[in-house]
Amino acid sequence: MPTKLYSSIFPSIFFLSLIFLFLYSTFLPLYTNNDSSSVPTNKFLPSSSPPCNLFKGHWVLDSTKGKPFYDDTCPFHRNAWNCLKNKRDNMGIINSWKWVPKDCKLERVDPWRFLGLMRNRNIGFVGDSLNENFLVSFLCILRVADEGAKKWKKKGAWRGAYFPKYNVTVAYHRAVLLAKYKWNPKQSVVSDEDELKGIYRVDVDILADEWSSIADFYHVLVFNTGHWWGYDKFPKETPLVFYRHGRPISPPLGLLNGFKVVLENMVHHIQKEVPKNTLKFWRLQSPRHFYGGDWNQNGSCLFDRPLEEDQLDLWFDPSNNGVNKEARTLNHLIKEAVQGTDIQLLDLTHLSEFRADAHPAIWLGKKDAVSIWGQDCMHWCLPGLPDTWVDILVQLIHNSFETG
């Protein structure tokens, strides 16, 4: 009798043992820590929360919103954007507006957690001064988690910081067109009626030197270009002339077509030369808010609250031919250029279109700045709107590393 009972129970015990071993081997890796100082740490389990669109939503005035992480004493400030130091009006209100995405939550950055995630990794910004504006916000926020942060200018960087506690570098490479360009003065005077003073030669298939050798250094890259692609920067007396393979492109390209060709070449290079495991973003245009004229035509932005939703098209729709129309026009070309690549769009345009109230305007830190340069209705006060950009970028980086 015992023999029969044993023979009937044994298969069941054997089967249950196999199930236990399978479950043990499956879930053990999830609870095992691989401690290594030579590779980035802080890996996360895949997030179970559904993805959401952080770029669509609305602004709410929130008196309970936490104070900015930094003030006018941040050592990484650029004077013209240091609106607290420059005594800009309404800074308390400017920083009380909170971006609320539709159908999802935007978390405020946790600098300690984020630098822990990025340990032994580097983040690079490449483009024009709006990416520098973005960078300064980022550096000042991250510094609260590592006050030993040091200024860093290597590998062609315009400016940046090294965070020694986490072995993280965050830096900006100034390359306003992304492609290489240089001034070629006029060689001879044909006639007094000829207004051409010279040309800016743009080699559409050559990278600007400032970022030509950074592909293997950064683990996250944020690109942009756009604010220099206007006739206010390159009028007919000093135009852009586009070259390919060392020769002028024929027939000559206009400004927008030249922008499109440069985008195609830069995106091709990024796809070919930047490592596949590098997280790549392309930040869409940061809108300007010049009212009554462009920056060199006494344009102004002395607003005390954000624009309303129904005002945005009037300001920014290209069909209205306003002074701020270029952002949406260039965005369309950028979206076409990166389609089908692994470059993620960082679409900060819409949420920024509302914030006519958040520019340095006349508070530029120098007595004669406005009379010389006009109001600054293009860059942003710090602390200010770019702090929200940081929240969004950090959440996207978290999501990418968690699900990657």
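Side-chain atoms are counted along with the backbone in the values below, which use heavy atoms only and exclude waters and symmetry mates.
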Return yes if some donor-acceptor pair links the side-chain N/O of [X] with the main-chain N/O of [Y] below 3.5 Å, else return no.
X      : Y      : answer
Asn133 : Ser129 : no
Glu326 : Trp229 : no
Asp203 : Ile206 : no

**Request:** Determine whether Leu207 and Met266 make a side-chain contact, defined as any pair of heavy atoms from C-beta on separated by less than 4.5 Å.
**Result:** yes

**Request:** Check whether any side-chain heavy atom of Tyr162 sits under 4.5 Å from a side-chain heavy atom of Lys154, and report yes or no.
**Result:** no

Value rounded to 0.5 Å, distance of [atom1] in [X] from [atom2] in [Y]:
X      : Y      : atom1 : atom2 : answer
His359 : Gln375 : NE2   : CD    : 10.5 Å
Ile334 : Thr349 : CD1   : OG1   : 8.0 Å
Ser286 : Met378 : OG    : CE    : 8.5 Å
Ile141 : Cys74  : CD1   : SG    : 9.5 Å
Leu330 : Lys325 : CG    : NZ    : 10.5 Å
Asp317 : Leu312 : CG    : CG    : 10.5 Å

So, for [X] and [Y], is the gap between ring centers shorter than 6.0 Å?
X      : Y      : value
Trp389 : Phe125 : no
His173 : Trp158 : no
Trp97  : Phe354 : no

**The single option from Trp211, Tyr172, Phe281 passing ring-ring contact (aromatic ring centres under 6.0 Å, His included) against Phe223** = Trp211

**Request:** Apply side chain to side chain contact (heavy atoms under 4.5 Å, CB included) to Leu393 and Ile397, showing your working.
**Result:** CA-CA 6 Å; Leu393 177 61; Ile397 293 173; 3.9 Å; yes

Below 30° counts as parallel, above 60° as perpendicular, anything between as tilted: where do the rings of [X] and [Y] land?
X      : Y      : answer
Phe234 : Trp228 : tilted
Phe134 : Phe138 : parallel
Trp380 : His289 : perpendicular
Trp112 : Phe69  : perpendicular

**Message:** Can you see whether His332 engages Glu336 through a side-chain donor-acceptor pair at a distance of less than 3.5 angstrom?
**Reply:** yes

**Request:** Give the intermediate values and the outcome of side chain to side chain contact (heavy atoms under 4.5 Å, CB included) for residues Gln271 and Ile343.
**Result:** CA-CA 8 Å; Gln271 289 297 99; Ile343 302 172; 3.8 Å; yes

**Message:** Would Tyr70 and His77 count as a side chain to side chain contact (heavy atoms under 4.5 Å, CB included) here? Give the steps.
**Reply:** CA-CA 10 Å; Tyr70 58 98; His77 263 303; 4.0 Å; yes

**Item:** Charged tip of Arg328 within 45° of Phe316 ring normal and under 6.0 Å
**Value:** no

**Message:** Do Lys65 and Trp59 form a cation-pi contact, if we require the NZ or CZ to be under 6.0 Å from the six-membered ring centre and within 45 degrees of the ring's axis?
**Reply:** no

